[in-house]
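Along the sequence shown, the residues carry numbers beginning at 1. Order of listing sets the numbers, starting from 1, for every ligand and every atom in it.
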Amino acid sequence: MDLSQIVEEIVAAMRDADDRGTVANYIPELAGIDPAQFGIAIVMADGRMIAGGDADTGFSIQSISKVFALTLALGKVGDQLWERVGREPSGNAFNSIVQLEQEKGVPRNPFINAGAIVVADVNLGGHQPRVAIGEMLRFIRYLAEDDGIAINEAVAASETATGFRNIALANYMRAFGTVRHAADLVLGTYIHQCAIEMSCRQLALAGRYLMLDGMHPAGGRVIPPARARRINALMLTCGHYDASGDFAFRVGIPGKSGVGGGILAIVPGRASIAAWSPGLNANGNSQLGTRALEELARRTGWSVFSPTEGDA
Ligand code: DON
């Protein structure tokens, strides 16, 4: 298997693709992004990096930040987190409100917006948002070994001005006590973590600890092995919202998407992959990113359900 050639062929196929999906427009600052872009980066367990297309272009990681935020929150409160947020697929849109009332303010999982807002509330921990945001940024820079990673303030401002659904979710959960800080403080934290900008190369590097059972490739442990496995399990079952089943069916790899068009996908023990193309499908997941990962998994045999490597 020549991975560089597979990546080259996937990049060429995505360059020519007609149906690229629709760029997210509910966050005005994201609406103007050119849908013609596609990038992919793969870091192997041995440290090799194979990248193609627009792998060095920064994009808004948006909901992919929920993986890093969850990792931090579990470090702070451990299993107590599961008293305030569930771990079941939602079967609903990422920003759905209806389920919250039925389930008494306890969101289904930490990757839908409501769940991520609870996680942001935990990470806030009585501090000012800038403290929690600073901690998140330092954590991601440490994971990727790249101090150049930063927040796109224009994206954060754009979402602050228009994120009315999230304000509703935060206030609603505050009524149940699952959110404990004022909505503007929690959302200040949440919106800025979503506005972190990274390239495919940087994102794939940041995901290595989930490929390596919780270890940092430069030495030391980021999280215990059991926690890395659980985060991967949540990515597989809940990482693509109401399309998580379809992503598992087509790709078979734990993955987390964001409305910026990025997807972080983890092949335990083998690879940390970031794919990006800004056009989204009807469920708010990258249209070409998903297609590219489907093709990659098919050609490498990297589905976590596959006993062998190679074409299948
Ligand atoms: O809260 C929001 O709506 C965005 N900051 C993040 C949503 C998102 O990325 C959903 N992903 N596919």
Option nearest atom 2 (C) of ligand 1 (shortest heavy-atom distance, choices E159, Q193, H192): E159
Looking only at protein heavy atoms, identify the closest one to atom 1 (O) of ligand 1 and say how far it is in Å. Y190 OH, 2.6 Å
Has R250 got more than 12 heavy atoms of other residues, nucleotides or ligands less than 6.0 Å from its CZ? yes
Nearest-neighbour protein heavy atom for atom 4 (C) of ligand 1, which is reported as residue plus atom name and distance: Q62 OE1, 3.1 Å
Verify the distance criterion only: is there a donor paired with an acceptor across the side chains of N283 and D242 at less than 3.5 Å? no
Residue portion contacting ligand 1 (non-hydrogen atoms closer than 4.0 Å) for V259: both
Element-labelled atoms of ligand 1 that are located less than 4.0 Å from some non-hydrogen atom of Y26: 2 (C), 3 (O), 4 (C), 6 (C), 7 (C)
Taking non-hydrogen atoms only, is C194 closer than 4.0 angstrom to ligand 1 via side chain, backbone, both or neither? side chain
Ligand 1 and G284, any nitrogen or oxygen pair closer than 3.5 angstrom? yes
Is it the side chain, the backbone, both or neither of L280 that has a heavy atom closer than 4.0 Å to ligand 1? neither
Under 6.0 Å from the CZ atom of R87, do we count more than 12 heavy atoms belonging to anything else shown? no
Donor-acceptor side-chain pairing of D19 and Q287 below 3.5 angstrom: yes
Taking only heavy atoms of G258, which atoms of ligand 1 are found under 4.0 Å from at least one of them? 9 (O), 11 (N), 12 (N)
Which of the atoms in ligand 1, numbered in the order shown and given with their element, are less than 4.0 Å from a heavy-atom of N113? 1 (O), 2 (C), 3 (O), 7 (C)
For atom 11 (N) of ligand 1, which protein heavy atom lies nearest, and how many Å away is it? Y241 OH, 3.1 Å
Give me the ring orientation class for F247 and H240: parallel if the planes are under 30° apart, tilted from 30 to 60°, perpendicular past 60°. parallel
Just to be sure I read this right, does ligand 1 sit under 4.0 Å from the backbone of R165, its side chain, both, or neither, counting only heavy atoms? neither
Ignoring hydrogens and geometry, is there a side-chain-to-backbone donor-acceptor pair from T178 to G105 under 3.5 Å? yes
Which of the atoms of ligand 1 are close to S257, meaning less than 4.0 Å from one of its heavy atoms? 12 (N)
Nearest neighbour of atom 9 (O) of ligand 1 from the list G261, S63, A156, on a heavy-atom basis: S63
For a 4.5 angstrom cut-off between non-hydrogen side-chain atoms, does L3 reach T300? yes
R298/E295 salt bridge by N-O under 4.0 Å criterion: yes
State plainly whether the residues D121 and R84 are in salt-bridge range, i.e. N to O under 4.0 Å. yes
